[in-house]
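Lettering of chains follows the sequences in order, A, B, ..., and the numbering in each one begins at 1.
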Amino acid sequence: MTTDFWFACIGAVLIAMALFTFIRHTHLLRRILAFNIMGSGVFLILVGLAQHQRQTDPVPQALVLTGIVVAVAATALALIIFRRFYQLSGRTELDEDQQ
Amino acid sequence: MQFAFDSMLGLGLLACAAGVFWSRDLFRSVVMFIAFGLLLALTWVRLEAPDLALAEAAIGAGLTGVLLLDAIGHLRQHNEHSPRNHWLLPLLCCIALALLLILSFNARPEASISLPQLVAESLPESGVEHPITAVLLNFRSYDTLLEIAVLLVAAVVAMALNDGLAAAARTSTEQSNRDPVLAGFTSRLAPVILLVAIYVLWAGSYMPGGAFQGGAILAAGLVLLKLADFHIERYAESLLRLGLAFGFLVFLAVATSVMIGGRPFLTYPEAFAGQFILFIEAVLTFSIGLILFSLFNQSPGQEVPHDN
Amino acid sequence: MTAFWWTVAALLLVTLLAGLIRIWRGPNPADRMLAAQLFGTTGVAILLLLAQAMQTPALNDVALVPALLAVVAMVAFVRRARPEAEEPE
Amino acid sequence: MIYLQYLLVGAGCLFFIVGTLGLLRFPDTFTRIHAITKADNLGLGLLMLGLLPSTESLPQALKLILIWLLVLAASATASYLIAHYVKAQSPDALPHADTTSEEQD
């Protein structure tokens with residue numbers, strides 16, 4: 001078990017945990033958090049798996065670097081939309097999620 | 001000892017994620033998420049990706065955490081309603097997904113071409129010495145061009161969602177109570193942050209660093225200034241708005257202007273590739289910093305949310 | 001020498017992860033943010049040690065960033081976080 | 001020289017452990033602020049001193065010192081801010097210290 005492979009496995013578990021939270025919880029802020037961690041899991045798999053059994057690989061690293069910056073922009077936008085939604089409706093969950 | 005370090009780091013990541021997911025108090029989730037970001041930066045170091053560690057540290061400490069804390073500061077209550085009742089089927093599916101992913105790691109086919117080798121071979125032609133910068137701004141510069149476009153779109157959407165509200169909020173906090181210690185500290189730290197951002201940008205051509213990391217650090221510096229009640233955007237609003245699109249436009253202009261010389265889109269003349277890349281990176285750093293800052297600055301609900 | 005750096009880094013990681021307990025237990029938001037502050041400082045220390053242990057001086061640059069920006073999250077908390085409303089709904 | 005390095009880094013590590021212990025064991029927020037700002041900054045300083053002889057060049061060494069100074073300044077400000085925040089949240093949190101801390105406000 002190399003370092004790269006170990007962290008790729010951690011990434012897989014993170015994705016599964018985040019997906020579970022995403023399905024189970026309806027609070028939008030928690031969903032944004034879960035989505036972020038899911039993204040981190042994907043990044044870990046991308047870099048870890050590509051470097052497994054080989055030397056460091058600049059191509060997935062560059063891809064993930066773009067991914068990290070896009071992810072923070074997406075998070076910021078999601079938070080802005082969430083806060084506007086909260087401001088207008090006073091709710092933190094979507095309509096179809098209310099029981 | 002290396003092994004112990006890695007195992008603890010991995011388990012720490014999982015523990016933080018579990019804390020984010022299963023705490024009822026959302027504020028606790030957010031702080032756990034900040035801790036998760038720092039552990040992730042350490043993980044990138046262990047995966048020998050210092051570029052990613054730089055970006056993660058800058059974004060995690062300076063931006064994501066701030067955005068989340070700002071958002072949660074405007075929620076009336078931090079506790080969540082009870083989650084959904086049906087959980088068994090999703091749980092089983094997610095466990096199956098994790099197992100499937102890990103099993104598939106071993107079954108994947110060997111790649112027929114070795115990308116690291118290709119990059120290493122063509123590195124001398126790229127004009128920079130650091131392979132990741134070469135990939136981002138020369139070999140795969142399409143990705144970077146489109147990425148800055150995505151960021152620009154995000155900033156424009158944020159502005160469209162918030163037109164007028166930010167201005168109203170700004171006048172309402174006109175007589176803000178500026179903390180003297182914080183203001184003094186910020187006014188001394190801000191030049192250092194700017195210097196480090198430029199250093200990271202400059203270092204990108206021969207060692208870990210570059211436009212994204214520099215831009216993230218710059219954005220964090222602007223956010224700090226804003227939090228300490230230095231209203232920079234009031235003095236130079238039109239300039240800031242122009243700066244948002246500047247990176248994308250300059251990149252596009254450079255990319256198309258090489259076509260006049262008969263070259264394909266987005267290929268630089270080899271002799272000047274280094275200068276071209278540094279120029280584009282400098283503009284990108286500036287633009288990325290401004291875009292990320294404006295995504296923070298445009299957040300609605302600076303004033304107290306509705307009362308109905 | 002390298003083994004020593006690794007040992008110290010692992011020890012520091014243990015203290016870092018122990019800080020998670022304080023984030024979890026709280027009891028009030030300020031305590032949680034304090035623990036996050038501890039993460040910043042200890043993280044810088046671990047990065048410096050890893051720079052020695054892995055023989056990559058570039059990691060010192062990585063350590064520079066959390067040292068520079070650790071305070072930003074704290075400022076955001078102090079300036080923007082409001083206490084929870086008294087009655088829930 | 002190497003033994004000195006061992007000693008300094010070991011002592012630094014010890015301070016980090018003590019700081020975390022303080023964070024976990026101290027009874028209230030104000031005492032916890034002491035634990036992390038004092039112990040951890042001293043720990044980082046010792047660690048940095050221990051690492052200095054191993055750096056390759058003068059700029060690297062200066063960078064280490066810069067990092068320490070930055071952390072010192074940031075911790076000082078952060079502890080001030082959080083103490084102020086906690087005091088504003090619960091003015092009666094410091095029953096015995098009211099007379100002394102009033103002057104600073």
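Interface residue Ala35(C): backbone and side-chain heavy atoms are both found under 4.5 Å from chain D. With a threshold of 4.5 angstrom between heavy atoms, Ala18(C) approaches chain D through its backbone and through its side chain. Only the side chain of Leu66(D) has a heavy atom closer than 4.5 Å to any heavy atom of chain C. Proximity to chain C is limited to the side chain of Ile36(D), based on heavy atoms less than 4.5 angstrom apart. Only the backbone of Phe26(D) comes within less than 4.5 Å of a heavy atom of chain C; no side-chain atom from C-beta onward does. Using a 4.5 Å cut-off between heavy atoms, Leu44(D) contacts chain C through its side chain alone, with no backbone atom that close. For Leu47(D), the part lying near chain C is the side chain, with the backbone staying farther off; criterion is any non-hydrogen pair under 4.5 Å. Of the two parts of Leu64(D), only the side chain, counted from C-beta on, holds a non-hydrogen atom closer than 4.5 Å to a non-hydrogen atom of chain C.
Note on Leu48(C), Asn28(C), Val72(C), Leu11(C): by heavy-atom pairs under 4.5 Å with chain D, the leading option is Leu48(C). Chain D forms the most heavy-atom pairs under 4.5 Å with one residue out of Val44(C), Leu38(C), Val75(C), Leu68(C), and that residue is Leu38(C). Chain D forms the most heavy-atom pairs under 4.5 Å with one residue out of Ile21(C), Leu69(C), Asp61(C), and that residue is Asp61(C). For chain C, the option among Asn41(D), Thr77(D), Leu24(D) with the highest count of heavy-atom pairs below 4.5 Å is Leu24(D). Most heavy-atom pairs under 4.5 Å with chain C: of the set Val71(D), Thr55(D), Thr37(D), Leu51(D), this distinction falls to Leu51(D).
We find the SG-CG distance between Cys13(D) and Leu12(C) to be 4.5 Å, quoted to the nearest 0.5 Å. Here Glu56(D) contributes atom CD and Asn60(C) contributes atom CG; the two are 9.0 Å apart, rounded to the nearest 0.5 Å. Here Leu17(C) contributes atom CG and Ile23(C) contributes atom CD1; the two are 10.0 Å apart, rounded to the nearest 0.5 Å. Put simply, CG on Leu16(C) and CZ on Phe39(C) are 4.0 Å apart, with the number rounded to the nearest 0.5 Å. Between Ser75(D) atom OG and Gln37(C) atom CD the span is 5.5 Å, to the nearest 0.5 Å. Phe15(D) CZ to Lys38(D) NZ: the interatomic distance, rounded to the nearest 0.5 Å, is 12.0 Å.
Taking the six-membered ring for Trp, Tyr80(D) and His84(D) have ring centres closer than 6.0 Å.
By the 4.0 Å N-to-carboxylate-O rule, Asp31(C) lies too far from Arg22(C) to be salt-bridged with it.
In this structure the side chain of Leu46(D) never reaches within 4.5 angstrom of the side chain of Val9(D), judged on heavy atoms.
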